[in-house]
Protein chains: 2
Amino acid sequence: MPLPQTEAPGRLQAELMSRGLRMTHQRRTILSVVETAKQHLDASQILRRARKLDPQVDRVTVYRTLKLLKRHGLVDELDLMHMQGEKHFYERRPQRDHIHMACLRCGKITEFESDLFDRLKGQIQRDCQFHIVVTRLEIGGYCAQCRSASKQ
Amino acid sequence: MPLPQTEAPGRLQAELMSRGLRMTHQRRTILSVVETAKQHLDASQILRRARKLDPQVDRVTVYRTLKLLKRHGLVDELDLMHMQGEKHFYERRPQRDHIHMACLRCGKITEFESDLFDRLKGQIQRDCQFHIVVTRLEIGGYCAQCRSASKQ
DNA sequence: TTCCTGTTGATATCGAGTTGCAATTATAGC
DNA sequence: GCTATAATTGCAACTCGATATCAACAGGAA
């Protein structure tokens, strides 16, 4: 019995299709996982979730699909300061770049947008004649909660 | 015949000793490699250079020493946008944080300091109540040379 | 010089990611 | 709706950076 294909195509899927890429069942599954993720997932987490939807999906296909999405600028790859080994995390590329802050004590990841960051990128493009394609600003430190907790 | 131990101890070595850490021959060798590096080196390059000074130095000791230096905030670990596989690169932590720009075409790494970056960090500390320990801003794109080369 | 503890090296191992290749399948053209 | 074909997939073996274990060793305080 075929799975119900009633859900809306999703932005990632529409993007890939408009670029003339084949839309396989596996890709649809992986894209839906990435698209609906509410946190930063690594490749093995994406695989696990994809397998729940379609047990046939292979590790290799996840890696290949992530590489494809990255190459097309549809997802960003994060390291999150290597706080969890050498894992890489993925998120849909947002409209506006943001900064990732990782608390070295509790591990919480916070996101932050800033005009200053946008201006900094503008300065770099101008002063260095460097055409920016992708940025990654990750900050390690201690979040407000952990700071006040350690003061007591 | 013992190697001449006449060279000045070096800042890294002095730092580690002042923190009460044992100064072994291997550590001295690895520190001198890191300290005199004129480019960003990965672990295997550091090993190769260390072995030229002391063929006894083991891979494992290089990894352990780098981890130690990182933990003490004496070196920074860079990914350089993963342009060369999963290698990590190391550099002595500078007085003032800088940005790394990686050209996606020629691979050149450029460094850049900016008041805006310093102000951005200040904003984050203030607005997010986040105590910054380490930052990493890496930018991928196309350098001036490659941009003008591709226009012809 | 001695002793104790931190450090090292050899080996095995881990885990993320990749490669080669035969089998499968999406899709364009009829 | 078929068919052809080129892209995609799954499997297995593999690469490579990094880590764990543990016995042997050595820095440095007393």
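Each chain gets a letter, A, B and so on, in the order its sequence line appears, and its residues count up from 1.
Proximity of B/K67 to the phosphate of D/dA18: no side-chain N or O atom is located under 4.0 Å from OP1 or OP2. Between A/H88 and C/dG17 there is a side-chain N or O to OP1 or OP2 distance below 4.0 Å. Between A/Q26 and D/dG10 there is a side-chain N or O to OP1 or OP2 distance below 4.0 Å. Distances shown here put a side-chain N or O of B/T24 below 4.0 Å from the OP1 or OP2 atom of C/dT8. OP1 and OP2 of D/dA26 both lie 4.0 Å or more from every side-chain N or O belonging to B/H25. For A/T61 and D/dT9, the shortest distance from a side-chain N or O to OP1 or OP2 is not below 4.0 Å. Dashed line: the shortest gap from a side-chain N or O of A/Y63 to OP1 or OP2 of C/dT18 is not under 4.0 Å.
Ranking C/dT18, D/dA20, D/dA18 by closeness to the B/V60 side chain, first place goes to D/dA20. Distances were taken from every side-chain heavy atom of B/M23 (C-beta onward) to each of C/dT8, C/dT18, D/dG28; the shortest belongs to D/dG28.
For the pair A/D58 CG and C/dT18 P, the interatomic distance rounds to 14 Å; values are reported in whole Å. Rounded to whole Å, atom P of C/dA10 lies 11 Å from atom CG of B/L47. Distance CE (B/M17) to C1' (D/dG28): 10 Å, rounded to an integer number of Å. Atom CZ in B/R64 sits about 12 Å away from atom C1' in D/dA18, given to the nearest Å. In this structure, B/D79 atom CG and D/dA18 atom P are separated by 10 Å, rounded to whole Å. Summarising the geometry, the separation between CG on A/L69 and P on D/dT8 is reported as 12 Å, rounded to the nearest angstrom. Distance B/R48 CZ to D/dG17 P: 10 Å, rounded to the nearest Å. Taking atom CG of B/D54 as the reference point, atom P of D/dC25 lies 16 Å away to the nearest angstrom.
Residues B/D42 and B/R22 both approach DNA chain D. Their nearest nucleotides, taken by heavy-atom distance, put B/D42 toward the 5′ side. Residue B/K87 is the one, among B/K87 and B/L21, whose nearest nucleotide of DNA chain D lies closer to the 5' end (criterion: closest heavy atom). In terms of position along DNA chain C, the nucleotide closest to B/R51 lies nearer the 5' end than the nucleotide closest to the other residue of the pair B/R51 and A/E77.
Remark: the B/R59 side chain and the C/dT11 base include no donor-acceptor N/O pair separated by less than 3.5 Å.
A cation-pi geometry, defined here as NZ or CZ lying under 6.0 Å from the six-membered ring centre and within 45° of its normal, holds between B/K121 and B/F117.
Looking only at distances, no side-chain donor or acceptor of B/T61 sits under 3.5 Å from a matching main-chain atom of B/V57. Side-chain N or O atoms of A/R19 include one that pairs as donor or acceptor with a backbone N or O of A/H72 at under 3.5 Å. A side-chain donor-acceptor contact under 3.5 Å links B/R136 to the backbone of B/E77.
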Derivation of the side-chain hydrogen bond (donor to acceptor under 3.5 Å, both in side chains) call for B/E91 and B/H40:
CA-CA 6 Å; B/E91 70 178 2; B/H40 303 113; 2.9 Å; yes
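Note that OG of B/S32 and CD of B/Q13 are 9.0 Å apart. Values are rounded to the nearest 0.5 Å.
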